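Report on one structure; see the data block that follows.
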Amino acid sequence: MQLSKERIITLLVLVANGILGATMGKFSDSRLWEAVFAVLMSLPGLVVIWNKERLSVTGLTRGLRRDSPPSLLDLIGWFLLLVMPILYVYQLSRM
C-alpha cells in the first residue's frame, strides 16, 4: 500500500476530526470518548477514499462491466470524512 498525497491528507483530517471532537464536543464527560467517536464517524469516509478503485466497479450492465465515476466516490468519501463527524458531534453536543 503506497501512501499518496491524498491518503496523507485524509489521515491528517482524521486526526483533526479527533482533536476537534475532543475540544468541541460536549455530549460526554470524557474527552477521550468524544475524540474516539469523531474518529469512528470519520472512518467510513477514509475507507471510501482509500478504496475507490475497488468500489468503483459496480457490476455488469447488459453483459458489460460498468464503473462508477471516481469523482463521485471522492465526493461521497470527503462528505463522510468532513461533514458527518462535525454534524454528529454538534448535534450530540446540543442534547
Side-chain angles (χ1 to χ4, degrees):
M1 177 174 65
Q2 181 181 350
L3 280 179
S4 63
K5 288 180 185 178
E6 185 177 40
R7 289 184 178 192
I8 292 171
I9 291 171
T10 56
L11 285 175
L12 292 175
V13 169
L14 188 75
V15 170
N17 281 345
I19 293 170
L20 286 174
T23 57
M24 299 192 69
K26 296 177 183 156
F27 63 89
S28 173
D29 294 334
S30 172
R31 294 291 180 198
L32 179 63
W33 169 245
E34 292 170 356
V36 168
F37 186 76
V39 168
L40 287 176
M41 291 303 303
S42 302
L43 283 180
L46 182 92
V47 169
V48 170
I49 292 170
W50 279 32
N51 297 315
K52 64 183 165 194
E53 291 85 19
R54 291 184 204 141
L55 294 173
S56 68
V57 178
T58 57
L60 298 175
T61 303
R62 296 183 186 170
L64 300 173
R65 195 177 83 179
R66 180 115 187 202
D67 295 341
S68 294
S71 58
L72 179 63
L73 288 173
D74 273 338
L75 182 67
I76 292 169
W78 283 106
F79 178 78
L80 291 173
L81 187 66
L82 293 174
V83 176
M84 293 305 289
I86 293 169
L87 287 177
Y88 274 110
V89 168
Y90 177 72
Q91 288 297 328
L92 286 174
S93 298
R94 294 180 62 200
M95 293 173 98

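The model shown is predicted, which means the values in this text are computed figures rather than measured ones.
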Side chain to side chain contact (heavy atoms under 4.5 Å, CB included) filter on Leu80, not counting sequence neighbours, yields Pro44, Val48, Ile76, Met84
The reported gap from CG in Leu43 to CE in Met41 (rounded to nearest 0.5 angstrom) is 10.0 Å
So side-chain hydrogen bond (donor to acceptor under 3.5 Å, both in side chains) across residues 70-84, not counting sequence neighbours, yields Lys52-Asp74
Of all heavy-atom pairs linking Ala35 and Gly18, the shortest is CB-O, 3.4 Å
Applied to residues 38-47, the salt bridge (charged side-chain N to carboxylate O under 4.0 Å, His left out) test, sequence neighbours excluded, yields none
Residue pairs meeting side-chain hydrogen bond (donor to acceptor under 3.5 Å, both in side chains), one or both in residues 9-23, sequence neighbours left out, come to Thr10-Trp50, Asn17-Ser42
Joining Ile, Leu, Val, Met, Phe, Trp and Tyr whenever any side-chain heavy atoms lie under 4.5 Å apart, the cluster holding Val15 also takes in Ile19
query: Do Ile49 and Val13 share a hydrophobic cluster, counting only Ile, Leu, Val, Met, Phe, Trp and Tyr and linking them when any side-chain heavy atoms are less than 4.5 Å apart?
result: yes
Students should find that the hydrophobic cluster of Leu75, defined by side-chain heavy atoms under 4.5 Å apart, otherwise consists of none
Is there a continuous path of hydrophobic side-chain contacts, each under 4.5 Å between heavy atoms, that joins Val83 to Val47? no
